[in-house]
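Comments concern the structure below.
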Amino acid sequence: MVEALCGGYQVPEGLATALHRFGEGLPGRIEQAIDTLVDEGRLQLQGDEWVWNGAADLDQLLARSLAELLMRRVGRLAPGERSLLEAVAVAGGTAPRGMLAALLQREIRPSETDRLVQAGLLVENRTQTYAGHREWSLRPATLGELLLAAMPRQALQEAHRRAALWLEGWPGARPPSLGARLAHHHLQAGDAEEAVRHLLRNADQAVRAFATRDGFDAYALAAEVAQGWRAAGDPASQAALVRARVGQAETGFRIGELAAALEATEAAIAVAGDRDDLAGERVRARCIRGQILDSLGKPDEALAALRLAVDDARHTGTGFGAMIFALSLVAMVLLRCGRHAEAEELARRALEETAGRETHGERELLLGIGRLHTWLGHTAARRGEYALAELNYLRAQHAFDEAGDGAAAAMADLSLGNLAWRSKQLAEAEAVYRRVWRRCENLDDSLGAATAQTNLGNVLLDQGRPGEALQLLRDSEKAQRRVGRLEVLAETLRLQALALHDLGQVEGARLAAKQAVLHAEKTGQAAALAAARETLGRLNSKTA
């Protein structure tokens, strides 16, 4: 490519490699670099070959020379043409005609953009982000950084303010990146409060669209901006920072970013301090913290965090719903630790407090009620009281549906599948688990999907299909490890041991059972530990 751009003549050794690296595969960028080197006399044609007269550090020279050439070319432009290029640079990745007119406060004539396109400094985009507006980008993209660096600070801030105002008034469909662009322009204009507001709205929209990873990134960026805003001494930043950290923790927990999520809960609690008006977010942070610690196999620490949440909600007037939700999480951890009687008693007492109380669509209260009924269903199923268990699961599902939590409602459905399995209705259980698996995948709920896969693997084993079961269980294990959510890993490993044994792989079966025991011990899951030990003992006795 380099020789073709150099007229087909031979180029010096090493130059082609350096130009390819600098050009990043873009012929236009390579061509501009060659023009730069020729203009400066670094590269000369002598006979039928090019001769290099430059310094040894070719990469550094290319970057510096191209920047100098570009700014010299910009310096030769008319003031109006340079202003137009600066406006494109301020606009960012794409510059629609309407925004350019708002930035320059005048109409943009086609002849202006045509001249800059012909000069190789501007290129018209083939696709439109903002329907009905022709859009342009700088060529090369590095020109934007040079132009912005040369603009006076006050002029740059005013340009970003105008860009933000134009985007705020955009009447068409919102592009996916609109919130992030608005935040960028507000931040560059010196308005951190508006930047954080748009980042938080962007994050909320991503979560509602089940794009949890995008939501996590947006909350993290909002927290970073809000932290800088708080460092400037503005007291209004405190509430925004707490909200961003709680959102980061909540989404991080869902996608398995447990370390970042745990750190975010600590930051949210610390920043909220003892402010009563931030008690709601502080309680949410404590609840998320407890769930993360439980997921990490630290039940005692989880219970301590959750009981603090209960006390905080009860004594600060945060809300009855927040207290019930926190209590439901305490019962969950107790149940996972094998303290069934305590969990059942706590769930009954908490539900008694909700008796006759209108929920009024309060999400936290509904989620707490749903979870409490779920735990009561689990304890009833454990005693073989399937009718009572089914009643509780249906009540849980109704509460989750009313709260609008599809993932929680799917888990209640999975619990109904467990009842079908306990009743030896294997075909019905298989159908439920497959339905829950699909629903959780659609909701971007990796742990829910993996749980359904594990339960489905159990049914396949009971149906005499160990090969299918093993593949499914291994897929479930991979998913759990990928997202760092390991609540059902011990059971997944135990079932793998049974599948391997049925397939005649005795040593592999014993190894999987040992891993199940070790993981259950590490995470303090009493029921899973008892089941894993029983399976390992059975496998050892058969081997003996």
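Classification of E344 and R348 as a salt-bridged pair holds, one side-chain N sitting under 4.0 Å from a carboxylate O. Between R438 and E441 there is no salt bridge, since no side-chain nitrogen of the basic residue lies less than 4.0 Å from a carboxylate oxygen of the acidic one. R254 has no carboxylate O lying under 4.0 Å from a charged side-chain N of E250, or vice versa, which leaves the two without a salt bridge. A salt bridge does not link R161 with D191: every distance from a Lys NZ or Arg NE/NH1/NH2 to an Asp or Glu carboxylate oxygen is 4.0 Å or more. E352 and R349 are not joined by a salt bridge, as no carboxylate oxygen comes within less than 4.0 angstrom of a charged side-chain nitrogen.
Looking only at side-chain heavy atoms (C-beta outward), L100 and W136 come within less than 4.5 Å of each other. Counting heavy atoms from C-beta on, the side chains of R382 and L335 never come closer than 4.5 Å. Contact of the Y130 side chain with the R97 side chain is not registered, since no non-hydrogen atoms from C-beta on lie closer than 4.5 Å. A 4.5 Å side-chain heavy-atom check between L296 and E301 finds every atom pair outside the cut-off. With a 4.5 Å cut-off on side-chain heavy atoms, N392 and T374 do not count as touching. In this structure, the side chains of L391 and L394 stay at 4.5 Å or more apart for every pair of heavy atoms. Side-chain contact between W421 and N455: absent, with no pair of heavy atoms (C-beta onward) separated by less than 4.5 Å. Using a 4.5 Å heavy-atom threshold, the side chains of L388 and L376 count as separate.
Under a cut-off of 6.0 angstrom, the local environment of NE2 in H398 is sparse, with at most 12 non-hydrogen atoms contributed by other residues, nucleotides or ligands. Surrounding CH2 of W166 are more than 12 heavy atoms belonging to other residues, nucleotides or ligands, all under 6.0 Å away.
At distances below 3.5 Å, not a single donor-acceptor pair connects side-chain atoms of N125 with backbone N or O atoms of T127. Side-chain atoms of T523 never come within 3.5 Å of backbone atoms of G297 as a donor-acceptor pair (strictly under, hydrogens ignored). Panel note: side chain T454, backbone A450; a donor-acceptor pair is recorded below 3.5 Å. A donor-acceptor pair is defined here as one N or O able to donate and one able to accept, closer than 3.5 Å; no such pair exists between the side chain of E193 and the backbone of A236.
In this structure, the separation between CD on Q248 and CD on E263 is 7.5 Å, given to the nearest 0.5 Å. The distance from atom CD1 of I255 to atom CG of L447, rounded to the nearest 0.5 Å, is 13.5 Å. Put simply, CZ on R357 and CD on E353 are 9.0 Å apart, with the number rounded to the nearest 0.5 Å. The CG atom of D445 sits 14.0 Å away from atom CH2 of W437, with the distance rounded to the nearest 0.5 Å. Taking CZ from R395 and CZ from F400, the interatomic distance works out to 14.0 Å, rounded to the nearest 0.5 Å. Rounded to the nearest 0.5 Å, atoms CG (L221) and CG (D217) are 9.0 Å apart.
Partners of E477 according to the side chain to side chain donor-acceptor pair (under 3.5 Å) rule, which considers only residues two or more places apart in sequence or in another chain, are R481, Q496. With sequence neighbours excluded, the residues that form a side chain to side chain contact (heavy atoms under 4.5 Å, CB included) with E430 are R434, L456, V459, L460, Q463, R465. Residues passing the side chain to side chain contact (heavy atoms under 4.5 Å, CB included) test with A381 are A389, Y393, L419, R422, sequence neighbours excluded. Under the rule for a side chain to side chain donor-acceptor pair (under 3.5 Å), Q291 has no partner lying at least two apart in sequence or in another chain. Remark: S237 pairs with no residue by the side chain to side chain donor-acceptor pair (under 3.5 Å) rule, at least two apart or across chains.
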Please test R197 against E194 for side-chain contact (heavy atoms from CB on, under 4.5 Å), starting from the C-alpha separation and ending with a verdict.
CA-CA 5 Å; R197 184 172 74 84; E194 279 297 295; 2.8 Å; yes

Under the ring pair (Phe, Tyr, Trp, His ring centres under 6.0 Å) rule, what do H184 and H198 come out as? Steps first, then yes or no, please.
CA-CA 9 Å; H184 167 73; H198 284 290; over 10 Å; no

Give the intermediate values and the outcome of side-chain contact (heavy atoms from CB on, under 4.5 Å) for residues V432 and L414.
CA-CA 7 Å; V432 172; L414 182 135; 5.6 Å; no

Run the numbers on V246 and Y219 for side-chain contact (heavy atoms from CB on, under 4.5 Å), then give the verdict.
CA-CA 9 Å; V246 171; Y219 281 124; over 6 Å; no

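Taking each heavy atom of L372 and S328 in turn, the nearest pair found is CD2-CA, 3.7 Å. Nearest heavy atoms, G98 versus H133: N-ND1, 3.0 Å. Closest non-hydrogen pair, C440 versus A410, comes out as SG-CB, 4.0 Å. Nearest heavy-atom pair across W229 and A240 is CZ3-CB, 3.7 Å. Counting all heavy atoms, side chain and backbone alike, L103 lies closest to R162 at O-NH1, 2.8 Å. Considering every non-hydrogen atom in both A452 and Y433, the closest pair reads CB-O, 3.7 Å.
For the side-chain contact (heavy atoms from CB on, under 4.5 Å) with I324, the lone residue among L367, L366, L365 that qualifies is L365.
For the residue pair T492/Q480, the side-chain donor-acceptor check at 3.5 Å is satisfied. Between the side chains of E168 and H186, at least one donor N or O sits under 3.5 Å from an acceptor N or O. Q471 and D475 share a donor-acceptor pair across their side chains, judged by distance under 3.5 Å alone.
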Side-chain donor-acceptor distances from residues 264-282 under 3.5 Å, at least two apart:
residue : atom : partner : partner atom : Å
T265    : OG1  : L262    : O            : 2.6
T265    : OG1  : R289    : NH1          : 2.9
R275    : NE   : D277    : OD1          : 3.0
R275    : NH1  : Q238    : OE1          : 2.6
R275    : NH2  : D277    : OD2          : 2.5
E281    : OE1  : R284    : NH1          : 3.1
R282    : NE   : D312    : OD2          : 2.7
R282    : NH1  : G273    : O            : 2.9
R282    : NH1  : R275    : O            : 3.1
R282    : NH2  : D312    : OD1          : 3.1

